[in-house]
Colleague: 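Take a look at this one; I'll ask things after.
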Amino acid sequence: MDLKSSHSSPVLADSVPVSKSRLGLSNNLVPYSPPPTAYPPSLYLSIPRRKAITGKFDEVRESAWLDAMVASSPPRKKLNKDFGHESQDESDTAYCIWLMKFPSALSSFDQITSSANGKNIALFLDYDGTLSPIVDNPDLAVMSPAMRAAVHSVAKNFPTAIISGRSRDKVYEFVGLKELYYAGSHGMDIVGPVRECFSLDDHPNCIRSTDTQGNEVNLFQPANEFLPMIDEVFKSLVEITKGINGAKVENNKFCVSVHYRLVNEKSWSEVACCVENVLKGYPRLRLTHGRKVLEVRPVIDWNKGKAVEFLLESLGLSNSDDVLPIYVGDDRTDEDAFKVLREGNRGFGILVSSNPREETNAFYSLRDPCEVMSFLKSLVKWKKSTALRG
Ligand SMILES: O=P(O)(O)OC[C@H]1O[C@H](O[C@H]2O[C@H](CO)[C@@H](O)[C@H](O)[C@H]2O)[C@H](O)[C@@H](O)[C@@H]1O
């Protein structure tokens, strides 16, 4: 993508000074120290200082990191002691009870569409676990042709965007559809349309650019200044985890994922320790947890919820009276988007989960990507039938 102009990025930076300490790594990397920023203190996100760590696995074991890794990886369904196979009953009952609180978006479809009467639906979709099933190898998380057709059809009928933790290029590679908008790196990399109602003056970190087809677009990358740092951390994480069987580090451009899905649970503390050791030299980066993945990202006041608001504005859809945004996602990072919709009383979050989740800001649920596909198809069918009725 050719960038035609450049603005300084009003990144909401971390108030903690950049540490001068070097990493205890074999590849002699020096932590990246960005130039001092001059934004008003009110724009800075403050983060608590991390406790110094010694790097011993036992200490990491006690840390909140490992707890979160375990918590984000629920145990498999209980085994039936007598027969040695899964007992469905218990988990089915728990799921049914949970469904009373977060009803299926399929069985509540009429309720959802009646809220949409007289409004335009805007659709926001997560990628992994929502449009593609979770698989062991992140490079193989392809979308089925049937799902692609459903997304294509929905995007022709409603403004649709995919907001993913992956890099924008990678999601586009998987999805391959031009009819929708893409936000990568948890919303830190957004390409939106050029519209008169959307002034770049109001968004200093948004610039005019061109997409791969040569169309003018708005490119929003609020964490631009972190690119060299993320690149450096990616290399360090690859190096430091290379001895851990099954660990995989993925460069998502403005953030880095450290996967432990294929790591023996006994070595999870080792993964946590490696990541913590690298991050201690980078106080302007923070860690979040996904599905068997540790995600390293810049400390800026930006997330998938803010990305939804930004996209609604850039699509000219921020008037909540005319628009019903619907966000479908499966991950913790999607909660920021669910929250924005719930708190603004603007639309609905739909959580994709086949297990009851204790806390969510979603209103509805869907069991898995198959149900997501049915929901998307139903939306298109409903839109066509309302168009016929005039
Ligand atoms: O926001 P998303 O589109 O949901 O991306 C979140 C992370 O998804 C990917 O990891 C997850 O899916 C993988 C493939 O199914 C799976 O192997 C992994 O365990 C999951 O955590 C992606 O690889 C990450 O980079 C994204 O941050």
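Counting starts at 1 for both ligands and their atoms, following the listed order. Please read these numbers as outputs of a predicted model, since none were measured by experiment.
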Colleague: Mind checking what residues have non-hydrogen atoms under 4.0 angstrom from ligand 1?
Modeller: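 Residues near ligand 1: Asp126, Tyr127, Asp128, Pro133, Ile134, Val135, Asp136, Pro138, Ala141, Ser164, Gly165, Arg166, Glu250, Asn252, Ser257, His259, Arg261, Arg291, Val293, Glu295, Lys304, Asp331.
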
Colleague: Going by salt bridge (charged side-chain N to carboxylate O under 4.0 Å, His left out), name the residues that satisfy it together with Asp231, two or more places apart in sequence or in a different chain.
Modeller: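 For Asp231 the salt bridge (charged side-chain N to carboxylate O under 4.0 Å, His left out) partners, ignoring immediate neighbours, are Lys235.
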
Colleague: Quick one: do Arg291 and Asp330 make a salt bridge, cutoff under 4.0 Å?
Modeller: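 Salt bridge: yes.
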
Colleague: Tyr127: which residues meet the side chain to side chain donor-acceptor pair (under 3.5 Å) condition with it, sequence neighbours left out?
Modeller: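 Tyr127 satisfies side chain to side chain donor-acceptor pair (under 3.5 Å) with no residue once adjacent residues are dropped.
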
Colleague: When you measure from the centre of the six-membered ring of Tyr95, is the NZ or CZ of Arg367 closer than 6.0 Å and no more than 45° off the axis?
Modeller: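 Ring-cation test returns yes.
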
Colleague: Holding to side-chain contact (heavy atoms from CB on, under 4.5 Å), I want the full list of residues that pass it with Thr288, two or more places apart in sequence or in another chain.
Modeller: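 Checked Thr288 against side-chain contact (heavy atoms from CB on, under 4.5 Å); matches are Arg286, Glu295, Arg297.
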
Colleague: Parallel, tilted or perpendicular for Trp302 and Phe310, by the 30°/60° rule?
Modeller: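 Aromatic pair Trp302/Phe310 classed perpendicular.
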
